[in-house]
Amino acid sequence: MLNNITLGRFFPGSSFIHRLDPRVKVLLMIVLLLNIFLSTNYLSLFIVFFVVILFIMLTKISLKTYFKSMKFILFVVLFTGILNIFYAKGTTIFRLGTFSITDEGINNSIFVSMRLIMLILVSSLLTFTTSPTNLTYAIERLIRPLNKFKIKTHELAMMMTIALRFIPTLLEEIDKIIDAQKARGADMETGNILNRIKAFVPVLVPLFVSSFRRAYDLALAMECRCYNGGEGRTSMRILHICRNDIFAILVVLGLFVLVLIINNLFLAVSL
Amino acid sequence: MAKLEIKNLTYIYSEGTPAAKKALNNINLRIKQNEFIGLIGRTGSGKSTLAKHLNALLKPTEGKILLDGEDFWHKPKKIRNVRFKVGMVFQYPEHQLFEETVYKDIAFGPSNMGLLEDEIEKKIHMACEFINLDFNLLYKSPFELSGGEKRKVAIAGVIAMDPEILILDEPTAGLDPKSREQLLCQLHYYYKSREKTVILISHNMDDIAKYSDRIIVLDDGNLIMFDSPKRVFSQIDLLKSVGLEPPQITSVMRSLLEVVPGLSDEILTVDEAVEALLNFVKNR
């Protein structure tokens with residue numbers, strides 16, 4: 001039932017993007033996101049979009065998979081897109097009662113939808129090609145400087161790893177509990193919203209109970225293997241920046257500079 | 001007439017995706033009223049998938065399942081009625097307990113059936129007697145109980161629905177020997193005294209041999225055998241080829257037979273073995 005959610009899943013592979021250093025990937029994703037929000041004109045927006053699509057092609061995961069991951073969010077995109085059409089001041093193009101469509105509104109709505117879509121694409125780009133272990137490892141390394149402010153970065157990263165690790169387990173567990181309660185005649189598919197929410201109590205309580213049991217077991221298992229936090233802990237894999245990484249960094253930074261230049265040009269023209 | 005009839009049942013997991021896997025392949029079975037059926041097969045052979053079909057939790061990709069001659073999926077909106085008639089106890093059923101008290105938890109099934117308060121109470125008392133659950137526990141929280149007691153409560157929750165067919169997926173896993181024996185005896189009694197059909201999934205061949213009238217053997221989604229315990233466990237080579245073994249006592253008696261001729265080679269339970277050996281000693 002819940003197995004066909006692709007958002008946030010990892011698809012193993014050995015493409016150019018897959019092989020990039022996870023730290024580099026996380027940083028590049030942040031820069032790409034910045035690019036998306038810095039693009040204030042169509043030209044730079046489409047250049048960024050083009051680069052994102054290029055990266056997506058490089059992952060060798062089919063475009064279909066990416067769009068599947070957007071299915072749930074497409075509704076939000078549509079909703080905000082439509083709202084934006086009506087809520088902007090500018091030259092009125094079309095009027096219907098109290099609602100009026102302005103050119104500004106249409107521009108806004110295109111920008112907002114494009115940005116949202118690219119946001120999802122870029123984050124999928126990262127999660128599809130980076131295993132959860134690598135991802136948390138990268139984050140652990142990237143937030144390590146915060147140690148200076150007495151923030152326990154290793155523990156934070158470990159918590160993230162565990163949380164990610166248990167998502168599929170919990171989904172499986174939910175499926176099992178739903179089956180068990182359905183076998184006892186629970187009705188989860190019909191009735192109004194209130195009844196459906198109520199019908200989920202018999203699923204949520206066992207889920208919480210088993211989560212606590214799992215957490216306790218895991219803590220015990222970690223202690224049995226002498227886990228005592230990040231101090232003096234080394235890791236099995238040591239990450240290296242290689243030529244591919246440098247190439248990717250150059251591309252994304254180049255894009256960043258390009259977007260800034262184009263923005264300035266447009267600003268100059270409009271002045 | 002067969003109580004439960006399975007016709008050309010095929011099921012494919014995640015059909016239409018690259019991960020598609022045939023879990024059941026053209027299964028045909030007829031199960032009678034008041035039969036104790038053992039369902040065996042190695043891990044991943046399709047036992048649980050078949051069980052979920054019998055409880056209408058999965059819809060066949062192809063084929064039909066008939067209960068009293070009526071197709072399960074004829075009226076998809078009334079599918080809950082099938083689940084009231086076919087009770088299913090999952091593996092580790094104690095993990096599905098959720099109510100504040102044991103009483104309320106056992107009442108969950110019967111109240112979903114729309115029974116009245118006093119009928120529900122009767123059913124709960126009936127279920128507790130069957131499963132030998134102490135009435136004093138009824139007003140405790142299910143989370144305070146011991147593992148064995150929780151298991152009993154969960155099974156009582158299904159028995160309280162008074163299903164005509166009761167399916168149990170490894171109900172004895174993780175129980176101590178005494179509770180295991182008790183549970184199996186009570187299931188056997190439920191089948192005997194109430195003329196119900198019980199389908200027991202288990203990896204314990206000794207239990208299966210002792211209690212079943214007929215045994216279903218599955219391998220890789222295919223029906224390998226559906227026959228009496230004596231016939232199923234006489235085909236040792238076939239069983240071994242699908243990753244199963246006969247009951248331990250059968251193997252012991254067969255080895256004995258090689259040294260002491262004249263013993264029966266159809267021994268399936270310890271009681272039968274004791275009797276055969278006593279007879280053998282007496283007649284010497």
Side-chain angles (χ1 to χ4, degrees), chain A residues 1-6 9-13 60-65 67-69 71 128 166 168-191 195-217, chain B residues 13-14 16-19 48-49 51-52 54-58 76-100 104-115 141-143 147 150 154-161 163 166-169:
Chain A
M1 174 179 159
L2 299 158
N3 286 337
N4 37 22
I5 296 176
T6 50
R9 241 173 66 182
F10 167 57
F11 294 89
K60 299 209 171 118
I61 299 168
S62 78
L63 269 173
K64 228 166 123 189
T65 322
F67 284 99
K68 237 192 213 163
S69 76
K71 245 185 349 201
F128 281 11
F166 275 98
T169 315
L170 287 183
L171 287 180
E172 206 176 292
E173 185 94 15
I174 292 174
D175 262 352
K176 264 192 205 162
I177 298 171
I178 287 180
D179 271 355
Q181 305 300 23
K182 267 190 186 167
R184 293 209 276 165
D187 184 7
M188 311 210 174
E189 279 124 13
T190 56
N195 281 339
R196 281 191 202 203
I197 293 172
K198 266 190 199 156
F200 255 85
V201 172
V203 176
L204 288 179
V205 174
L207 188 69
F208 272 117
V209 173
S210 76
S211 302
F212 279 116
R213 194 184 53 238
R214 268 179 217 284
Y216 182 77
D217 286 351
Chain B
Y13 269 112
S14 25
T17 69
S48 298
T49 313
K52 279 188 191 172
L54 300 182
N55 188 237
L57 287 172
L58 289 176
K77 287 204 170 151
K78 301 260 175 182
I79 202 67
R80 278 169 74 209
N81 292 341
V82 172
R83 298 194 186 126
F84 297 145
K85 286 183 186 163
V86 185
M88 168 106 188
V89 178
F90 282 88
Q91 274 176 40
Y92 298 101
E94 60 270 28
H95 293 172
Q96 77 199 21
L97 301 174
F98 69 98
E99 275 287 10
E100 293 156 56
K104 280 190 189 170
D105 209 287
I106 301 178
F108 182 65
S111 57
N112 278 332
M113 293 169 77
L115 297 182
S141 158
F143 301 107
K150 276 188 198 168
I155 295 174
V158 176
I159 289 191
M161 293 163 74
L166 182 63
I167 308 167
L168 301 108
D169 195 348

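Every chain is numbered from 1 and lettered A, B, ... according to where its sequence line falls, protein lines coming before strand lines.
Not counting sequence neighbours, the partners of B:K52 by the side chain to side chain donor-acceptor pair (under 3.5 Å) test are A:D179. Legend: residues meeting salt bridge (charged side-chain N to carboxylate O under 4.0 Å, His left out) with A:K60, ordered by chain and number and at least two apart, are absent.
Looking at every heavy atom in both residues, A:V205 comes nearest to B:F98 through CG1-O, 3.5 Å.
Crowding of A:F208 atom CZ: a count of heavy atoms from other residues, nucleotides or ligands under 6.0 Å not exceeding 12. More than 12 heavy atoms of other residues, nucleotides or ligands lie within 6.0 Å of NZ in B:K150, so this atom counts as buried by the packing criterion.
Here the side chains of B:H95 and A:R213 are in contact, with some heavy-atom distance below 4.5 Å.
By number of non-hydrogen pairs under 4.5 angstrom with chain A, the leading residue of B:V89, B:I167, B:L97, B:V158 is B:L97. Taking chain B as the reference chain and counting heavy-atom pairs below 4.5 Å, the highest number among A:A183, A:A186, A:P202 is found for A:P202.
Only the side chain of B:M161 has a heavy atom closer than 4.5 Å to any heavy atom of chain A.
Classification of B:D105 and A:R184 as a salt-bridged pair holds, one side-chain N sitting under 4.0 Å from a carboxylate O.
B:R83 contributes no side-chain N or O that, together with a main-chain N or O of A:G185, makes up a donor-acceptor pair within less than 3.5 Å. Judged purely by atom type and a 3.5 angstrom limit, B:Q96 has no side-chain atom pairing as donor or acceptor with the backbone of A:Q181.
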